[in-house]
Amino acid sequence: MIRTSTRTLLWCLGGVLVARLIFMALLPYADTTEPRYAEIARIMAESGDWITPWFDAGVPFWGKPPLAFWLQALSFRALGVSEFAGRLPSWLANLGIVYLTYRTARSLHPHPGGSSSAQAGLWAALIYSTTALAFISAGTVMTDSFLALGTTLTIASLIIRLQGGAWYWGYAFFVGLAIGLLAKGPLALVLTGLPTAFWVLVTGQWRTLFRTLPWLQGTLMMLALAVPWYILAELKTPGFLDYFIVGEHFKRFLVSDWSGDLYGSAHDFPRGTIWLFLLAASFPWGLIALAVWVRGRWSGNAVAHPWQPRCPGTVSLLLAAALSPAVFFTFSGNILHTYLLPGLPFLAILTAGAIAASNERPHPAWRLSTAALIPVIAVVAGTWYAWHPGALKTERELITRVAASPAMAVSDLSYLDGVPFSARFYSRDQVRVIKRESLMTRIEREERSEPILVAVRKRDTSMMQALQNHGDAIDSSRRYTLFRIAPQRSARQ
């Protein structure tokens, strides 16, 4: 079999990472997730309030801990408020996950110091980086990248430590938990506790687990890093812990149509849909791993892994870490694709091992072509959207044109019944919301010296028709039409 050189793998992995980095600066924020979180981070950077993320004036954002917002706000302060600055922290978090995937796969190799182990690690890192969800999330303003960094650091540290890694990996286990607690909350404990408990139950390695990690010092360090913010947040905005712990961590997942969500809408999917999401999130490698496993079972020859674990059941730990997010959310209807991100690094390691150990190994050119699939599709789509940003659900272009017009001011612009987050972000929260009753009252006022600028959803046909009788449609975005209602004077003047 022809081997792929280490240099080739490095170039491929670097190309994937750089491609994602470039498009971070070219594409606007599209509603709803990115501009919402970017606006929260912008407010934090502007206000200097590092304890409470703010959703709007006087409205605290209790939905997520602040780690992602801290890093995005620092990036805004250092680089200026832009798409690239907002997305850079997620890209750096992804870079950390890529390294941990590489390092974990390499530690499992029979010869961890050789070139073959480096290639095994690079293949795992490349597979992770070219799954659909990992590639998209690598440069997206979101909190899940930081949760995945924390959970990956925790499980990777345990595996590396079990493989004889240095003492500091034992403390890294608890640093990962602290990152997860500050990125997404107690969910990090669940997604790391499930695979660890499964491994111990299967192998009976209780003593090994307790000997491997510095439990007392590590736990104290984790609490010292994470708990102070929770206390300060509750003291500053009472009610936070009840909403975040009970609402976000129990009702959100157990109640499909949970009506207590203060910042969005619940997602109601049939139970078990998360496994279909897993196939989409891990595409194309998840399908390949499934095909290799099914073929091995069909032929009666289970695929043997190519690793040399020092501790029994390490492969079970990997498998549990890969599937824990899907297992945990199996009976939840309120789910998103991004919930599966923490499992993808370990699914990538398993896939790399399964491909390497299969009797009919795919030719390296075939594997590299598979690795190029998602990046190529994303680059083509990203290039098209970079040239046609108006095709995205974003108000950037409309806000920019209003700001550039000498006859209009962004502060005069109102959105009917609600301001989209991208309009808030790109206007620096200068645009306003106007209710339809107030709008019609202003239009019908006999004396009105100022023009009215109002953006109306295109699907609001009744209001669109009403405004056409009073003013002109002067601009539009994908979702909104901008009307200008001219000033008028009473006949007496």
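Counting from 1, the numbers follow the sequence of the chain as shown. Since we're looking at a predicted model, the values are computed, not measured.
- Side-chain atoms of Trp70 do not come within 3.5 Å of backbone N or O of Met44 as any donor-acceptor pair.
- Residues meeting the side-chain contact (heavy atoms from CB on, under 4.5 Å) test with Ile377, sequence neighbours left out: Leu373.
- Judged by the 6.0 Å and 45° rule, Arg396 forms no cation-pi pair with Tyr29.
- Residue Trp11 places its CH2 atom among 12 or fewer non-hydrogen atoms of other residues, nucleotides or ligands, all under 6.0 Å distant.
- A heavy-atom distance below 4.5 Å is found between the side chains of Thr192 and Leu177.
- Judged by distance alone, the side chain of Lys458 and the main-chain N or O of Ser477 form a donor-acceptor pair under 3.5 Å.
- Using modelled atom types, no side-chain atom of Glu395 and backbone atom of Ser422 make a donor-acceptor pair closer than 3.5 Å.
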Would you be so kind as to tabulate the donor-acceptor pairs closer than 3.5 Å made by side chains of residues 50-58, with sequence neighbours excluded?
| from | atom 1 | to | atom 2 | distance (Å) |
| --- | --- | --- | --- | --- |
| Trp50 | NE1 | Gly48 | O | 3.3 |
| Trp54 | NE1 | Asp49 | OD2 | 2.8 |
| Trp54 | NE1 | Thr52 | O | 3.2 |

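- With no hydrogens or angles considered, a side-chain donor-acceptor pair links Thr330 and Trp275 at under 3.5 Å.
- For Thr461, the side-chain hydrogen bond (donor to acceptor under 3.5 Å, both in side chains) criterion is met by no residue, not counting sequence neighbours.
- Scanning for side-chain contact (heavy atoms from CB on, under 4.5 Å) contacts around Leu126 gives Leu9, Cys12, Leu13, Val16, Trp123, Thr130, Leu368, Ala371, with sequence neighbours left out.
- A search for salt bridge (charged side-chain N to carboxylate O under 4.0 Å, His left out) contacts involving Glu46 returns Arg42, not counting sequence neighbours.
- The closest donor-acceptor contact from the side chain of Glu234 to the backbone of Leu241 lies under 3.5 Å.
- Judged purely by distance below 3.5 Å, without hydrogens or angles, the side chains of Asp460 and Ser462 pair a donor atom with an acceptor atom.
- Looking at Ile485 and Arg442, their side chains never come closer than 4.5 Å, going by heavy atoms from C-beta outward.
- Checked against side-chain hydrogen bond (donor to acceptor under 3.5 Å, both in side chains), Ser405 has no partners two or more places apart in sequence or in another chain.
- Classification of the Phe425-Phe76 ring pair by plane angle, with boundaries at 30° and 60°, yields tilted.
- In this structure, Arg103 has no salt bridge (charged side-chain N to carboxylate O under 4.0 Å, His left out) partners at least two apart in sequence or on a different chain.
- The salt bridge (charged side-chain N to carboxylate O under 4.0 Å, His left out) contacts involving residues 183-193 comprise Asp144-Lys184, where partners must be two or more places apart or lie in separate chains.
- Just one of Leu439, Thr481, Asp417 meets the side-chain contact (heavy atoms from CB on, under 4.5 Å) condition when paired with Met463; it is Leu439.
- With sequence neighbours left out, Arg432 forms a side-chain hydrogen bond (donor to acceptor under 3.5 Å, both in side chains) with no residue at all.
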Between side-chain atoms of residues 382-391 and protein atoms elsewhere (two or more places apart, or another chain), which donor-acceptor pairs fall under 3.5 Å?
| from | atom 1 | to | atom 2 | distance (Å) |
| --- | --- | --- | --- | --- |
| Thr383 | OG1 | Val379 | O | 2.7 |
| His388 | ND1 | Trp384 | O | 2.9 |

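- By the side-chain hydrogen bond (donor to acceptor under 3.5 Å, both in side chains) test, Ser324 is found to be paired with no residue, residues two or more places apart in sequence or in another chain being considered.
- For the 3.5 Å distance criterion, the side chains of Glu397 and Tyr426 fail to qualify, holding no donor opposite an acceptor.
- Remark: side-chain polar atoms of Arg459 are not paired, donor with acceptor, to backbone N or O of Arg479 under 3.5 angstrom.
- Just one of Phe277, Phe329, Phe269 meets the ring pair (Phe, Tyr, Trp, His ring centres under 6.0 Å) condition when paired with His337; it is Phe277.
- Evaluation of the side-chain contact (heavy atoms from CB on, under 4.5 Å) rule for Val433 yields Val419 as partners, not counting sequence neighbours.
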